[in-house]
Each structure stands twice: as C-alpha cells, then as structure tokens.
Amino acid sequence: MAIDRFGRDIHYLRISLTDRCNLRCVYCMPEAMTFRPRAELMQDDELLALMPLFTELGFHKYRLTGGEPTVRANVVEVVRGIANTPGVRSLSMTTNGVLLKQLAAPLKEAGLERVNVSIDTLDPERFKRITRWGSLDEVWAGLEEAERVGLAPVKLNTVVVRGYNEDDVADIAALTLTQPWQVRFIEMMPFGEVAGFQQGQLVGFAEMQRRIEDRLGPLQVIDNGKLDGEARLYRLAGAQGELGFISSVTQPFCASCTRARLTADGKLRMCLLNEYEVDLLTPLRAGASTAELKQLITHAAWNKPWGHDLASDIIPLNRVMSEIGG
Ligand code: SAM
Ligand code: SF4
C-alpha cells in the first residue's frame with residue numbers, strides 16, 4: 001500500500017502515454033511546442049513492466065492521458081496490456097476525441113471502460129480558435145461513437161478561458177438537460193511558459209456558476225457537495241446529466257488527493273502543480289530489481305507534497321500540462 005506522510009492512501013495513477021498531441025490548445029501548450037526525443041519516452045514493454053509494481057502496491061484506479069493518448073503508436077495493444085494487469089480495477093482515458101471515431105470500438109474491446117472527452121465550446125469557429133488545429137465535427141463524431149460502443153458514462157471536460165469560451169458555459173451545461181453526461185468545468189491552471197496567459201485568462205468557479213444559473217436556473221448540489229474525485233457535483237432541475245466543477249485554483253482539493261502521475265518519460269510525479277518527481281525509467285533501464293523499483297514508488301508516495309502553492313504565486317516551471325497528463 002502506498003501512503004503519504006499525511007495519511008493519504010495513494011491508489012490512483014494517471015499514466016501519460018505520450019507527450020505528443022494532434023491539437024495545440026491555447027491553455028495547454030505553445031503552438032510551436034517541441035516534444036521529447038522518442039528514446040526518452042517509455043517503450044511499451046517498459047510501461048507494462050512497471051504496471052504490476054503499481055498494482056502490487058495497491059494502485060487500482062488508472063486513467064490514461066497525454067499529450068493525446070490516442071496518438072501513441074500501438075495504443076490499443078498498450079491498453080490491452082494495462083487492462084489485463086491483475087489488480088487493475090478501473091481503467092479510463094482522457095482524450096481530445098479527434099481519433100475516437102476510429103478507435104472507440106477497438107479501445108473498448110481491449111478493456112478500456114470509460115472516456116472523458118475534452119470539448120470547450122459548441123461553436124465550430126471558437127473550437128478552432130481554442131484548440132488551434134481542431135474540428136468540432138470530428139470530436140463530436142468521436143464522442144457519439146464512444147457512447148455507441150459503451151465507453152460510458154461519458155464525461156466532458158471543459159476548460160474555461162476568458163476571451164475564448166466563457167460565454168459558452170451555459171450552452172455546454174445545457175447538454176446535461178437531455179444527455180446523461182457529466183460535464184466538468186475546469187479552472188485553468190498555470191504551468192511553465194504558458195503560465196502568464198493561464199493566470200491572466202482564469203475564470204473561477206463562482207463566475208462559471210453565475211453564468212450557468214443566469215441562463216438555466218439554480219444549480220442543485222448533489223451529495224451535499226461531497227467531491228466526486230476532484231469535481232464538486234451539481235444538477236440542473238430536471239436534467240438527465242450532472243455538472244461537475246474542478247476548481248483547483250480557487251478551491252483546492254489537496255486534502256482528499258489520492259493521485260500520482262506517471263509521465264511519458266517515466267517520472268513519477270506526485271502533484272500536478274509541484275515539480276517534485278522520482279525517475280523510474282532510468283533505474284528500470286539500468287536493471288534495478290523489482291524490490292528497488294517498488295521502494296522508489298513508495299518513497300515518492302511518502303513524499304507526496306501536501307498540495308500546491310498557487311496562492312503564494314509558486315508555479316511549476318519544469319513542464320507544461322501536456323507533459324504531465326492532467
Ligand atoms: N489530450 C487529452 C485531452 O485534451 O483531453 C488528454 C490530456 S489533457 C492535458 C488532460 C486535460 O487537461 C484535458 O481535459 C484538458 O482540457 C486539461 N487541461 C489542459 N491544460 C490545462 C490547464 N492549463 N488547466 C486546466 N486543465 C487543463
Ligand atoms: Fe493536446 Fe489535450 Fe493539451 Fe489540447 S489539452 S493540446 S488536446 S494535450
């Protein structure tokens with residue numbers, strides 16, 4: 001079991017399958033992003049060799065992310081290998097949806113259970129502006145295919161960015177009136193070289209809530225505001241789906257955080273917004289034993305930072321979001 005100094009049971013691993021992406025969202029990475037050389041990234045056999053170490057230490061919940069996880073070569077077989085690792089009880093993916101039309105069915109067959117699809121606006125022009133390269137039609141088709149093949153319940157992730165899509169939150173929230181989806185509104189977090197933009201264009205939870213309520217009526221809190229993972233859940237009157245708010249900046253949820261992240265280059269990062277990382281790939285390549293690698297994982301977990309220091313203006317600079325995995 002991996003426990004940290006504060007008694008948190010760390011059992012949820014988000015694995016970044018690649019740092020590469022087929023979009024360039026303004027809140028995530030610069031347009032001229034440079035990626036790591038492939039030789040620095042975990043190969044399929046290296047990732048699959050680490051998997052049993054995590055499950056034996058009690059990690060049972062897994063999310064695949066990126067960069068864009070679906071652009072990883074051989075993604076279906078990698079998913080199959082992860083899904084077949086004894087001890088994996090939950091396996092989901094966060095994706096931009098661009099390739100889901102082709103990949104939803106094989107991914108489901110390989111053992112993926114659910115997807116979160118990122119959609120920040122329902123307006124095609126704004127969608128292109130915010131993702132720089134994306135097509136809303138393509139992503140929508142991917143979302144429908146995911147639902148058709150049973151990668152459900154589908155969740156939608158919406159990052160809200162001032163000057164880009166703050167006017168769209170009510171339209172996106174309204175999807176839950178007729179669809180059994182969970183739409184999650186995410187406060188933009190600051191990282192590395194994009195931090196200035198991210199802090200300047202932040203839209204907080206209170207404003208998102210006000211914009212939705214002005215158009216669609218009062219939000220009803222679900223479960224007395226108990227967190228579902230990192231999201232606080234609400235419902236619109238008569239809605240089929242739910243609204244979640246992930247307010248990492250204005251209302252941090254660090255006390256209940258049970259997550260660790262494995263970056264595509266094989267570093268175990270214990271807090272999204274803190275630079276502390278433990279390298280697993282270099283020792284793996286140098287022939288470290290299973291016991292030594294497990295010790296590195298428990299050591300990293302024990303030293304998980306309490307939380308982030310955004311309130312004191314301390315921003316992680318060593319990576320942008322796409323290199324950590326969200
Ligand atoms: N490419 C996939 C996608 O976009 O869904 C997975 C990786 S992406 C880094 C994971 C999630 O992080 C997405 O929902 C994305 O919208 C969100 N995200 C990216 N940059 C962010 C930021 N600066 N603050 C908050 N969320 C962010
Ligand atoms: Fe790519 Fe996802 Fe980052 Fe957008 S948020 S640039 S889709 S990794």
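Below, all heavy atoms of this structure are taken into account, side chains as well, without hydrogens, waters or symmetry copies. In each ligand, atom 1 is the first atom listed, and ligand 1 is the first ligand listed. These numbers come from a predicted model, not from an experiment.
Glu277 and Arg261 are not joined by a salt bridge, as no carboxylate oxygen comes within less than 4.0 angstrom of a charged side-chain nitrogen. Taking a cutoff of 4.0 Å between a charged side-chain nitrogen and a carboxylate oxygen, Glu213 and Arg210 do not qualify as a salt bridge. Salt-bridge annotation for Arg269 and Glu275: absent, with no side-chain N of the basic residue lying under 4.0 Å from a carboxylate O of the acidic one. At a threshold of 4.0 Å, the pair Arg285-Glu46 counts as salt-bridged, since one of the basic side-chain nitrogens sits closer than that to a carboxylate oxygen.
Ligand 1 lies out of reach of Met29, whose nearest heavy atom is not under 4.0 Å from it. Assignment of Cys21 to the shell around ligand 1 is not supported, since no heavy atom sits closer than 4.0 Å. Taking 4.0 Å as the cut-off, Gly67 counts as a neighbour of ligand 1 on heavy-atom distance.
In this structure, Phe59 has its ring center at least 6.0 angstrom away from the ring center of Tyr12.
Without hydrogens or angle criteria, Arg89 side chain to His60 main chain gives no donor-acceptor distance under 3.5 Å.
Each of the atoms 1 (N), 2 (C) of ligand 1 lies under 4.0 Å from some heavy atom of Glu68. If you number the atoms of ligand 1 from 1 as listed, the ones under 4.0 Å from a heavy atom of Asn96 come out as 2 (C), 3 (C), 5 (O). Per-residue contacts place Gln198 under 4.0 angstrom from the following atoms of ligand 1 (heavy atoms of the residue considered): 23 (N). Those atoms of ligand 2 with a heavy atom of Gly67 less than 4.0 angstrom away are 8 (S). Those atoms of ligand 1 with a heavy atom of Thr94 less than 4.0 angstrom away are 2 (C), 5 (O), 6 (C), 10 (C). Each of the atoms 23 (N), 24 (N), 25 (C) of ligand 1 lies under 4.0 Å from some heavy atom of Met188. Near Ile186, the atoms of ligand 1 lying under 4.0 angstrom from a non-hydrogen atom of the residue are 25 (C), 26 (N). The contact set between ligand 1 and Asn157, taken as ligand atoms under 4.0 Å from a residue heavy atom, comprises 14 (O). Annotation for ligand 1: atoms under 4.0 Å from non-hydrogen atoms of Thr65 are 6 (C), 7 (C).
Checking Arg63 against Ser92 by side-chain atom types alone, a donor-acceptor pair falls below 3.5 Å. Counted by atom type alone, Thr176 and Arg235 present zero donor-acceptor pairs between their side chains at under 3.5 Å. A donor atom on one side chain and an acceptor atom on the other are found under 3.5 Å apart for Arg184 and Gln182. Side chains of Thr263 and Asp265: a donor on one and an acceptor on the other come within 3.5 Å.
The distance criterion of under 3.5 Å between nitrogen or oxygen atoms is not met by Asp120 with respect to ligand 1.
Shortest non-hydrogen contact noted between Leu48 and Gly81 is CD2-C, 3.7 Å. Contact detail for Pro30 and Arg24: the closest heavy-atom pair is O-CD, 3.8 Å. The shortest non-hydrogen separation linking Met93 to Pro69 is CG-CG, 3.7 Å.
Counting only protein atoms, the N, O or S atoms lying less than 2.8 Å from atom 4 (Fe) of ligand 2 are Cys25 SG, ordered by chain and residue number.
With Tyr164 as the aromatic partner, Arg126 does not meet the cation-pi criteria of under 6.0 angstrom to the ring centre and within 45 degrees of the ring axis.
A 4.5 Å side-chain heavy-atom check between Lys294 and Leu57 finds at least one atom pair inside the cut-off.
Counting protein heavy atoms only, atom 27 (C) of ligand 1 is closest to Met321 CE, 3.4 Å. For atom 3 (C) of ligand 1, the nearest protein heavy atom (residue, atom name, distance) is Ser118 OG, 3.4 Å. Atom 24 (N) of ligand 1 has its closest protein heavy atom at Met189 N, 2.8 Å. Here the heavy atom of the protein found nearest to atom 16 (O) of ligand 1 is Val159 CG2, 3.2 Å.
Neither the backbone nor the side chain of Leu23 has a heavy atom within less than 4.0 Å of ligand 1.
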